[in-house]
Amino acid sequence: MNRERITISGDRALAIEEPLIFEQGRPGCSGVDLPEPSGQARLGRFERNGPIGLPDLSEPQIVRHYTRLSQQNYGIDTGFFPLGSCTMKHNPRLNEKLARLPGIADLHPLQPVSTVQGALEIIDTLAHWLKVLTGMPAVAMSPAAGAHGELCGVMAIRAALEAAGDPRKRILVADSAHGTNPATAAACGYTVEAVPTTKEGHVDLDEFKRRLGPDVAGTMITNPNTCGLFERDMIAIAEAVHGIGGYFYCDGANFNAIVGRVRPGDLGIDAMHINLHKTFSTPHGGGGPGSGPVVLSAALAPFAPLPYVVHRGKAFELVEQRDDGQAFGRLKAFHGQMGMFVRALAYMMSHGSDGLAQVSGDAVLNANYLLACLADVLTPAFPGPCMHEALFNDSSLKDTGVTTLDIAKALIDEGYHPMTVYFPLVVHGAMLIEPTETESKDSLDRFIASMRGLVERAKAGDAAYFQDAPRHAPRRRLDETTAARHPILRWRPESAKGEAAE
Ligand SMILES: *Cc1c(COP(=O)(O)O)cnc(C)c1O
């Protein structure tokens, strides 16, 4: 721990140094008094042979440990979270209130269908609005996140091609795509072929067409794309891929930039996941829950996974089996992320259709404000206005000795979670900043001032300032290569006093 020890305790006011839980407590200390097991109460052969190394702490020690750790988290409730491609927007508390209603939060997924009619109605209503907003005829609700939705969509494409006796081999993926796109195609057994991006940041339509052929199962294109731009050739791409008998998967993670204004179904797509946790709020990041329903075209709808909700007469039913046998099976235990369905529906209903159009309008406005306010110090990666996120390359840092990573680390000292860095890969030293519609002009101005100040400092030749940033965070800069290649994930007694906590 290379923190400067300026106080007797080693803590700095309320910034408390928090050791690992295994470094705290003392042997024999316990939060509960259990009687010594004896006689019949003994578990016989199920008993452990020895202690398993759990930490010995009292209840207040444990509560303090986890409360302090939680206070070291930076989240959207603490401050501006400019991470691009992730849509870290405020999650209205109304959503939380509804998701926590006992009639919803206390449901068990194995309850008889007759006792969960309200929950099924919520799923069915949300499904309805997702279809309306996207202009698509069907939706699979169970995928647990965006990546899982991609898996669902590509498995549906594969099932449809196999049912037609035409399995095919290749999937074309934009080279600016999120890594989950090629990973999904590869996981489904396809060879991935990259489609280059033009100087303007769009899918290169000519190069796309050149790669098409009778062995292409389909294409995966993100719209708006990860360069923060609307793909203008969607209809031409759809016609071309349908022309060779393939399917069009759209990565809809950035739907928040067009919701209420563009219906992806009108652009000719066959499948698209919607990250409910991005477009329709819900806290995420740090492993928090995701939900990635996939809207499907009429051609792919018969291949949707099980189960799904149907409305017959007055009752909602769960279809667990298809008579035509075309579904590729279940994607997940049970029916999807119920708490997130409730939050997403609450978000939609509280905004209304005009409110949702305002969400996308304000998100795009905020991103363009940021782009315009930084464009004289940082170089925008592409000309013209953007959609929901502003993308810069690192050319204005050339010869300063300061890198994109240095700026990100110095931003931590400024009190911000850094923006997305080095993604998309097609932009050198990329800085991808997504303000979202929920940030006020004041909070954007403060962030812009910090960014401007840092870039100006770099240009003024003060590279030394950046070298040991962050200075004021609980931890200084990690050796990222060692942290990635040799992570210490498990506590070992010999690491207790050493560098492991770094
Ligand atoms: C977030 C994201 C994904 C993956 O979604 P998860 O919910 O994180 O699995 C895929 N594509 C793009 C463009 C994304 O931004």
Side-chain angles (χ1 to χ4, degrees), residues 76 81-89 91 130 140-155 171 173-188 192 194-195 197 201-203 219-231 234 248-259 264 269 271-295 331-332 336-337 339-341 343-344 360 363 367 386-391 417 419-427 430-436:
I76 197 70
F81 211 114
L83 209 56
S85 204
C86 288
T87 314
M88 304 299 288
K89 66 165 78 171
N91 177 52
L130 291 175
M141 296 297 287
S142 62
H148 205 210
E150 292 173 35
L151 185 67
C152 171
V154 175
M155 284 174 78
I171 288 205
V173 180
D175 66 356
S176 63
H178 195 275
T180 48
N181 288 198
T184 298
C188 290
V192 179
V195 182
T197 298
H202 297 287
V203 171
T219 187
M220 300 178 83
I221 306 288
T222 309
N223 192 30
N225 67 23
T226 61
C227 300
L229 303 173
F230 191 83
E231 290 289 1
M234 290 295 280
F248 189 0
Y249 187 91
C250 179
D251 179 331
N254 300 329
F255 189 47
N256 63 307
I258 55 174
V259 63
I269 66 165
M272 180 182 94
H273 72 262
I274 302 161
N275 305 60
L276 296 186
H277 48 293
K278 295 181 180 173
T279 300
F280 299 109
S281 75
T282 282
H284 64 289
S291 181
V294 178
V295 288
L331 204 62
K332 185 181 189 303
Q337 309 280 50
M340 302 206 38
F341 293 159
R343 290 180 180 90
S360 52
C386 59
M387 296 295 291
H388 57 298
E389 49 197 352
L391 178 57
H417 187 286
M419 65 277 175
T420 292
V421 293
Y422 301 105
F423 177 82
L425 304 178
V426 295
V427 170
M431 291 170 239
L432 183 62
I433 307 175
E434 178 172 2
T436 81

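Counting starts at 1 for both ligands and their atoms, in listed order. Keep in mind the model is a prediction, meaning the values are calculated, not measured.
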Can you tell me how far [atom2] of [Y] sits from [atom1] of [X], rounded to the nearest 0.5 angstrom?
X: Phe255; Y: Thr87; atom1: CZ; atom2: OG1; value: 12.5 Å
X: Leu83; Y: Ile76; atom1: CG; atom2: CD1; value: 9.5 Å
X: Lys89; Y: Thr282; atom1: NZ; atom2: OG1; value: 10.0 Å

Does ligand 1 have an atom under 4.0 Å from some heavy atom of Ser85?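 True for this residue.
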
Tell me whether ligand 1 is touched by His277 - counting only heavy atoms on the residue side and a distance under 4.0 Å. yes

Mind checking whether [X] has an N or O less than 3.5 Å away from an N or O of ligand 1?
X: Asp251; result: yes
X: Lys278; result: yes
X: Ala145; result: no
X: Asn275; result: yes

At a non-hydrogen distance cut-off of under 4.0 Å, which region of His148 contacts ligand 1 (side chain, backbone, both, or neither)? neither

May I ask you to list the atoms of ligand 1 that are less than 4.0 angstrom from any heavy atom of Ala147? 4 (C), 5 (O), 6 (P), 9 (O)

Contact atoms of ligand 1, heavy-atom distance to Ala253 under 4.0 Å: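 With Ala253 as reference, the close atoms of ligand 1 come out as 2 (C), 11 (N), 12 (C), 13 (C), 14 (C), 15 (O).
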
Beyond-backbone contact of Asn181 with Val173, side-chain heavy atoms, under 4.5 angstrom: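 Side chain of Asn181 against side chain of Val173, heavy atoms only: contact under 4.5 Å found.
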
How far is atom 6 (P) of ligand 1 from the closest protein heavy atom, and which atom is that? Gly146 N, 3.4 Å

Evaluate Thr184 against Glu150 for side-chain hydrogen bond (donor to acceptor under 3.5 Å, both in side chains), listing each step before the verdict. CA-CA 6 Å; Thr184 298; Glu150 292 173 35; 3.2 Å; yes

Which label fits Phe81 and His417: parallel for a plane angle under 30°, tilted from 30 to 60°, or perpendicular past 60°?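 Aromatic pair Phe81/His417 classed parallel.
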
Shortest non-hydrogen pair, Gly84 vs Thr420, comes out as O-OG1, 2.7 Å

